Amino acid sequence: MEELYTLEREVGRGSYGVVFEGHMAKTGQRVAIKRLPCSNPECIELYLQELWAMRATAKNHVNVIALHSCLLQTGPRSLKPLKPGKLPPRLVETVLKGSVVGAQQSQERTNTQQARHKPQDKTISSDSTTPQRPKNRAKKRPAQREEEQPLRCLALWLVMEYCDGGDLNQYLLSRPPDSQVNHSVVRQLCSAVAFLHDLGITHRDLKPDNVLVCVTPRGPVVKVADFGLSKMSEGLVDGEPTRQHFSSTCGSDFYMAPEVWGGMTYTAQADIFSLGVMFWAVLERITFLEEGATQEQLGAYVCKGRWLMPLGEALWENADLQLWIPTKFKRAPPLPPPPGPAVCTLLLDMLASNPDARPPADQLEARVRSALKEDSH
């Protein structure tokens, strides 16, 4: 690793992997390096989905995290760069077989080798009457070459652009409210999701934790990241987005769409609902604490007594539930100005119980710009 990259410090840790700050050895460029241990087929499937989606986006959009390279770790100090467009066949086989390929075979091979070299109890005479194997016989049976041995895949290393502003929660909540910054964040996220949907990528886990921030002299540049739960379809067909349906219930509670909560099939419009929750929280600076957590998160919800209920769950239980935008309850200052009527209408459309009533991603950016302009007058 040190020949290619230098690891500086750990900057993040999640359920599936660890992210380090590092530098490219040749250029000194700062990068984020994500280590994903290949310990079980379920994790590996998520890694391959993330790798495939990030390769599809490449470095083609300023608001989507850029992947520089991917390395496959095959030993304690062995790294093998993966060629663009190629997936490691051993990992694909692992996912298909439902077990970590190479683990059992490796152990069996070790046991066989130990048995071959184990001293035998039987004593063989070395007198001249004992048949001897000709010395050149061994040369006719070459040993199996090292590269023919099946390689264990210990981990995937994803080398990505580094974001110095942390995630969207950390960035916005560590600073005083700024309407201009909030509006910029909303517009950038619209552009990113429109780009992803145009490629046929449904993120399925949009939330502030999965949006990273690069600090620039002109203001924050946000980057959609973490594609482990994403799914890919054909994108545009005859100029129209495909209506690929998904069935897996996945995502984060406070950002999941009602149809996902209900276990129904759903489309990329579930991403629009997640964006609506984020936009409402960003524009009004609405935060909550998840059970067992101590750090505030940006997110909108419904109050049920002393409990907080995710919007998607509440709307699944009652599709006619009236959402109050701006919020009607008191929150601690400082607060940004509440969103105007045009933005409130747009948020309600994004948070509609019926997925088909939500604006598609390719229309969302124009609607956001129009609503912000209308309310500014």
Side-chain angles (χ1 to χ4, degrees), residues 1 4-5 7 10-22 31-60 64-106 150-163 167 192 196 199-207 209-212 223-233 244 246-252 271:
M1 172 65 78
L4 301 172
Y5 306 98
L7 298 183
E10 181 181 320
V11 294
R13 181 179 290 266
S15 304
Y16 301 106
V18 184
V19 181
F20 300 91
E21 177 188 346
V31 291
I33 304 175
K34 188 175 186 179
R35 184 182 189 274
L36 302 167
C38 299
S39 54
N40 63 71
E42 290 77 14
C43 290
I44 293 171
E45 183 175 4
L46 298 179
Y47 305 163
L48 295 181
Q49 287 177 179
E50 180 166 16
L51 174 60
W52 197 257
M54 292 189 72
R55 279 177 166 172
T57 62
K59 302 176 184 178
N60 294 325
V64 177
I65 200 77
L67 177 70
H68 294 308
S69 64
C70 178
L71 306 167
L72 182 64
Q73 183 179 354
T74 58
R77 299 180 66 83
S78 302
L79 290 174
K80 178 183 178 183
L82 290 181
K83 295 180 180 179
K86 299 292 184 181
L87 290 178
R90 301 292 292 175
L91 294 187
V92 175
E93 187 180 357
T94 292
V95 173
L96 295 175
K97 287 188 173 181
S99 61
V100 179
V101 174
Q104 182 178 355
Q105 296 94 320
S106 178
L151 294 175
R152 285 289 311 279
C153 301
L154 301 181
L156 274 179
W157 294 78
L158 303 182
V159 182
M160 305 169 288
E161 64 179 315
Y162 182 80
C163 297
D167 65 39
L196 294 175
L199 289 177
I201 299 174
T202 304
H203 191 282
R204 303 204 303 172
D205 195 20
L206 289 171
K207 59 181 179 179
D209 284 348
N210 290 339
V211 177
L212 304 179
K223 311 270 185 179
V224 174
D226 203 337
F227 291 88
L229 295 179
S230 65
K231 287 291 185 182
M232 295 188 65
S233 56
Q244 179 77 35
F246 310 104
S247 57
S248 302
T249 301
C250 62
S252 300
D271 279 353

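The first residue of the sequence shown is numbered 1, and numbering continues consecutively from there. As a basis for the values below, the full set of heavy atoms in this structure was taken, side chains included, without hydrogen atoms, waters or symmetry mates. Just so we're clear, the structure is a prediction, and the values are computed from it rather than from any experiment.
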Original post:
Sequence neighbours excluded, which residues qualify as side-chain contact (heavy atoms from CB on, under 4.5 Å) partners of D226?
Top reply: K34, E50, N210
Taking all non-hydrogen atoms of both residues into account, name the closest pair between [X] and [Y] and its distance.
X	Y	answer
K231	F246	CB-CE2, 3.3 Å
A192	V64	CB-CG2, 4.2 Å
P81	L71	CA-CD2, 3.6 Å
A225	H203	O-NE2, 2.9 Å

Would you say that [X] contacts [Y] through its side chain, given a criterion of any heavy-atom pair below 4.5 Å between the two side chains?
X	Y	answer
Q49	F227	no
K223	E161	yes
S248	R204	yes
L91	L156	yes
I44	R90	no
D205	C250	no

Mark yes or no for whether [X], through its side chain, and [Y], through its backbone, hold a donor-acceptor pair below 3.5 Å.
X	Y	result
E45	V95	no
Y47	P37	yes
D167	L212	no

Taking atom [atom1] of [X] and atom [atom2] of [Y], what is their separation to the nearest 0.5 Å?
X	Y	atom1	atom2	value
H68	M54	NE2	CE	9.0 Å
C38	L72	SG	CG	7.0 Å
I33	L4	CD1	CG	9.0 Å
S69	R55	OG	CZ	10.0 Å
C153	Q73	SG	CD	10.5 Å
L51	L67	CG	CG	6.5 Å

Original post:
Do you see a donor-acceptor pair shorter than 3.5 Å between the side chains of K80 and T74?
Top reply: no
